[in-house]
Amino acid sequence: MTRHLITSAIPYINGIKHLGNLVGSQLPADVFARFQRGRGHEVLFLCATDEHGTPAELAAAKAGKPVAEYCAEMHEVQADIARRFGLSFDHFGRSSSPQNHRLTQHFAGRLYDAGLIREVDEKQVYSHADARFLPDRYIEGTCPNCGYDRARGDQCENCTKQLDPTDLIEPRSAISGSTDLEVRATKHLYLRQSALRDDLDKWIDSKSDWPILTTSIAKKWLHDGDGLQDRGITRDLDWGIPVKKGTEDWPGMEGKVFYVWFDAPIEYIACAGEWAEATGGDWERWWRTDKGAADVRYTQFMGKDNVPFHTLSFPATILGSGEPWKMVDHLKSFNFLNYDGGQFSTSQGRGVFMDQALDILPADYWRWWLLSHAPESGDSEFTWENFQQSVNKDLADVLGNFVSRITKFCRAKFGETVPGAGTFGAAETALVETLRTRIRAYEQHMEAMELRKSAAELRAIWVAGNEYLQSAAPWSTFKTDPDSAAAQVRLGLNLVRLYAVLSMPFIPHAAADMLAAMRTDDTAWPDDPGAALNALPAGHAFTVPDVLFAKITDDQREEWQSRFSGLRT
RNA sequence: GGGCCUGUAGCUCAAUUGGUUAGAGCAGAGCGCUCAUAACGCUUUGGUUGCGGGUUCAAGUCCUGCCGGGCCUACCA
């Protein structure tokens, strides 16, 4: 048995996530976690909300609430939606937790002791009207290069020239529009990532099985220009983790907090601490290689935008601490999902958001489509036509109808009990061999986290059931040889249970319905398909389930297409 | 500007890392079946692998130049 530590990139607290966010991190992580659990491995699957930073403060202000209260509420909202999507976190934590405060401050202290922190005096733009320092991109003004009047302090969106806020003509706050700005001196801590460059480089080089997307981004940051740059890890904000050196105050850093990207990955560890507090578990057994975590396999899931922080900054934090923390073993990254010809956008409200998705269809519809079209090799695109077509064909026609035809046929001819007559012959043996081959392929693809290939293989396993029924034709054999028909039906009913077990990672709710209909809680992984097809014995009672997947009609598709064509209000 | 990814059938994607005649699903066409959610099965049409050069016994795969799409470029997260 392997022990799998699995983390999904932690979603930002600022609002409800869209389907593009979901498919890039939480959903594939959930599939992997469910698969490993299904195979009998020990899993700790962690996620959390990422709560610090300027956008959280602004969102809270917009909502007219204290930021702590806003975050607490949004955490509950996100937790509820995650639960309804079937995301099987062992713990859904918060980066603002006391555990993360302590641990983040601890890491900072260790890094300081190791000589990996330096203090930098710098100048930042301060807005009197907003009573806050402004990050570069929260300053707007006229671009000195092209004259665009809504250029941001980091880059002009019009001519793509990179800018410094002081380059802008007539700079103003993007928050309030105020021009009452001042350049102030301030002091910040920098993590000396450059000192760890060679260590990080070797570490990345040792990861030959990571997606190209992952390693190429890391390599670029390591070797581009002057190489890996030191990074500021503190900010002049109110909301965040106060800068401390372990448990001690940090002279000169009063009133400052750690940068959200410094504390967010540390939450992966702190989250295990939150889990331990909630459940009585032993979190160090998962995170400290000197305390039992040496044999843990750690896998991270994230969108490509998160890769630099997970391949460089966070590893630098861990390596620099000099302590035996568990490092990531595999980092699965995803491209982006586009929406009907453009990008999903949280800030612009474009696309389908998780709450809206659940309002119109059960989670499994979305899970299946998103996972079977996951943006693994390049960006992929959601269209309503493709969604309707894929879901109707795969879930309703191939799987749902299979369950329906076999259970209804049995009820009509033998009653709602697994028939006991007849024996399995050559056709059944052939089916078992087909399943054996396909299940082994499915397992390999899942182990490799190849989602689209896994989904295709799972679908092929469903199809095999229809092919078997078509050639066995129990509706014909029943007329001349009822015992043979009984054996064929018995096999078919057992396929329903088998399919539920195999499909659990992708469509957990439907899988649970299938198991309930078969009145079994036997979810043993089919290491031996032949044996698995005898799990439901003769005489075992079952129920004909309701339609597992109602089809999406053209009217529905058109309605949703137009409802979601504009922006979320 | 620089770096990286990407372009394969009408659509969504494969192709064991340079090796036989480029394969699946969907959509289309034909046939079969009648248990089932008008579902299922079988057969089948469809490709100058974005375009032009080059290397090689052999190129979707490697090199090069164009054309298109995307991401990143370090103070959003």
Side-chain angles (χ1 to χ4, degrees), chain A residues 9-14 50 52-56 58 122 124-125 133-139 152-155 160-162 164-165 174 188 193 211-213 215-217 219-221 223-225 228-232 235-236 259-261 264 303-309 312-313 335-336 338 343 346-347 372-373 375-381 383 385-386 389-390 392-413 450 452-453 455-456 459-460 463 465-476 478 485 488-489 492 546-551:
Chain A
I10 64 178
Y12 199 63
I13 194 70
N14 180 13
D50 178 14
H52 299 133
T54 305
L58 297 179
E122 54 188 24
Q124 293 284 316
V125 174
F133 282 93
L134 298 177
D136 289 357
R137 70 170 50 197
Y138 283 95
I139 302 162
R152 292 190 320 206
D154 55 342
Q155 186 173 37
T160 73
K161 184 178 175 61
Q162 286 178 58
D164 189 89
H188 283 294
Q193 297 183 136
I212 293 171
L213 184 64
T215 50
S216 64
I217 292 173
K219 283 289 180 184
K220 158 82 170 162
W221 281 56
H223 298 295
D224 191 43
L228 187 62
Q229 302 297 298
D230 294 343
R231 184 160 198 122
R235 291 291 183 274
D236 289 293
Y259 175 42
V260 55
W261 262 116
K304 57 186 168 185
D305 52 331
N306 275 312
V307 167
F309 302 98
L312 303 168
S313 306
N335 287 282
F336 293 148
N338 291 319
Q343 295 185 342
T346 302
S347 58
S372 59
H373 295 79
E376 289 176 306
S377 58
D379 292 351
S380 65
E381 172 153 324
T383 63
E385 287 85 355
N386 187 301
Q389 218 166 57
S390 299
N392 284 355
K393 191 68 191 175
D394 298 348
L395 297 183
D397 295 348
V398 176
L399 177 62
N401 182 57
F402 174 81
V403 173
S404 192
R405 68 193 294 204
I406 187 63
T407 53
K408 285 182 179 173
F409 182 76
C410 184
R411 180 174 63 185
K413 304 299 184 192
E450 297 268 16
R452 284 187 310 220
K453 288 179 183 174
R459 184 188 188 283
V463 167
N466 282 314
E467 288 171 348
Y468 170 77
L469 281 191
Q470 187 63 33
S471 62
W475 50 88
S476 288
F478 183 77
Q488 290 159 352
V489 167
D546 293 334
V547 167
L548 278 179
F549 297 99
K551 290 198 197 192

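Residue numbering restarts at 1 for every chain, and letters A, B, ... go by the order of the sequence lines. All heavy atoms count here, side chains included; hydrogens, waters and symmetry mates do not.
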Side-chain-base donor-acceptor pair under 3.5 Å for A/Trp261 and B/rA77 =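 Present.
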
Please confirm whether any donor atom in the side chain of A/Asn401 sits under 3.5 Å from an acceptor in the base of B/rA39, or the reverse.
->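 Answer no: no donor N or O sits under 3.5 Å from an acceptor.
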
Would you mind telling me which of [options] lies closest to the side-chain atoms of [X]?
X: A/Asn466; options: B/rA77, B/rC35, B/rG41; answer: B/rG41
X: A/Leu548; options: B/rU37, B/rC26, B/rC40; answer: B/rU37
X: A/Leu228; options: B/rA74, B/rA36, B/rC26; answer: B/rA74
X: A/Arg137; options: B/rC76, B/rA77, B/rA14; answer: B/rC76
X: A/Trp221; options: B/rC76, B/rC72, B/rC26; answer: B/rC72
X: A/Val260; options: B/rU37, B/rA74, B/rA77; answer: B/rA77
X: A/Asn386; options: B/rA77, B/rU12, B/rC13; answer: B/rU12
X: A/Arg459; options: B/rG3, B/rC26, B/rC40; answer: B/rC26
X: A/Lys408; options: B/rU37, B/rA77, B/rA36; answer: B/rU37

So [X], base contact, sugar-phosphate only, or nothing? Heavy-atom distance under 4.0 Å.
X: A/Phe549; value: base
X: A/Glu122; value: base
X: A/Asp305; value: base
X: A/Gln229; value: base
X: A/Val489; value: nothing
X: A/Pro55; value: sugar-phosphate
X: A/Gly53; value: sugar-phosphate
X: A/Ser380; value: sugar-phosphate

Separation of [N] [atom2] from [X] [atom1] (nearest whole Å):
X: A/Arg152; N: B/rA74; atom1: CZ; atom2: C1'; value: 14 Å
X: A/Arg452; N: B/rC26; atom1: CZ; atom2: C1'; value: 15 Å
X: A/Asn335; N: B/rC72; atom1: CG; atom2: C1'; value: 12 Å
X: A/Asp154; N: B/rA74; atom1: CG; atom2: P; value: 8 Å
X: A/Asn338; N: B/rU12; atom1: CG; atom2: P; value: 12 Å
X: A/Arg235; N: B/rA77; atom1: CZ; atom2: C1'; value: 11 Å
X: A/Phe309; N: B/rC72; atom1: CZ; atom2: P; value: 11 Å
X: A/Glu376; N: B/rA14; atom1: CD; atom2: P; value: 8 Å

Is there side-chain contact between [X] and [Y], with heavy atoms separated by less than 4.5 Å?
X: A/Phe549; Y: A/Ser404; value: no
X: A/Ile406; Y: A/Val489; value: yes
X: A/Trp261; Y: A/Ser313; value: no

When you look at A/Arg235 and A/Thr54, which way does the side chain to side chain contact (heavy atoms under 4.5 Å, CB included) test go after all the steps?
-> CA-CA 10 Å; A/Arg235 291 291 183 274; A/Thr54 305; over 6 Å; no

Atom [atom1], compared across [N] and [M]: separation rounded to whole Å:
N: B/rA36; M: B/rU45; atom1: C1'; result: 29 Å
N: B/rC62; M: B/rG7; atom1: P; result: 10 Å
N: B/rG28; M: B/rG18; atom1: P; result: 38 Å
N: B/rC11; M: B/rC67; atom1: C1'; result: 23 Å
N: B/rA27; M: B/rU34; atom1: P; result: 23 Å
N: B/rU16; M: B/rU21; atom1: P; result: 16 Å
N: B/rG54; M: B/rA58; atom1: P; result: 13 Å
N: B/rA9; M: B/rG60; atom1: P; result: 14 Å

CZ of A/Arg231 to OH of A/Tyr259: how many Å apart, nearest 0.5 Å?
->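 Going from the CZ atom of A/Arg231 to the OH atom of A/Tyr259 covers 4.5 Å.
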
Residues A/Ser390 and A/Asp394: side-chain donor-acceptor under 3.5 angstrom =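 There is no such pair (donor and acceptor under 3.5 Å, judged by atom type) between the side chains of A/Ser390 and A/Asp394.
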
So, is B/rU61 syn or anti if syn means the angle is within 90° of 0?
->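 Here B/rU61 takes the anti form, which means its glycosidic angle is more than 90° from 0.
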
Non-hydrogen atoms of [X] and [Y] that approach each other most closely:
X: A/Lys304; Y: A/Ile217; result: O-CD1, 3.8 Å
X: A/Val398; Y: A/Asn466; result: O-ND2, 3.1 Å
X: A/Leu469; Y: A/Trp475; result: O-CH2, 3.3 Å
X: A/Asn386; Y: A/His373; result: OD1-NE2, 3.4 Å

According to a strict under-4.0 Å criterion, is [X] in side-chain N/O contact with OP1 or OP2 of [N]?
X: A/Lys453; N: B/rA15; answer: yes
X: A/Lys393; N: B/rU12; answer: no
X: A/Tyr259; N: B/rC76; answer: no

Residues forming a side-chain hydrogen bond (donor to acceptor under 3.5 Å, both in side chains) with A/Glu385, sequence neighbours excluded =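 Checked A/Glu385 against side-chain hydrogen bond (donor to acceptor under 3.5 Å, both in side chains); matches are A/Gln561.
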
With pairs defined as Watson-Crick or G-U wobble and both distances under 3.5 angstrom, please note down RNA chain B as a dot-bracket string, | for pairing with another strand.
-> (((((((..((((.....[...)))).(((((.......))))).....(((((..]....))))))))))))....

For RNA chain B, whose closest nucleotide is more 5', that of A/Gln389 or that of A/Leu399?
->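 The 5'-side residue here is A/Gln389.
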
Identify, between A/Lys304 and A/Asp50, the residue whose nearest nucleotide on RNA chain B lies closer to the 5' end.
->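 Whichever sits nearer the 5' end wins; that is A/Lys304.
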
Verify stack between A/Phe409 ring and B/rC35 base, 5.5 Å, 30 degrees =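 No, the aromatic ring of A/Phe409 does not stack with the base.
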
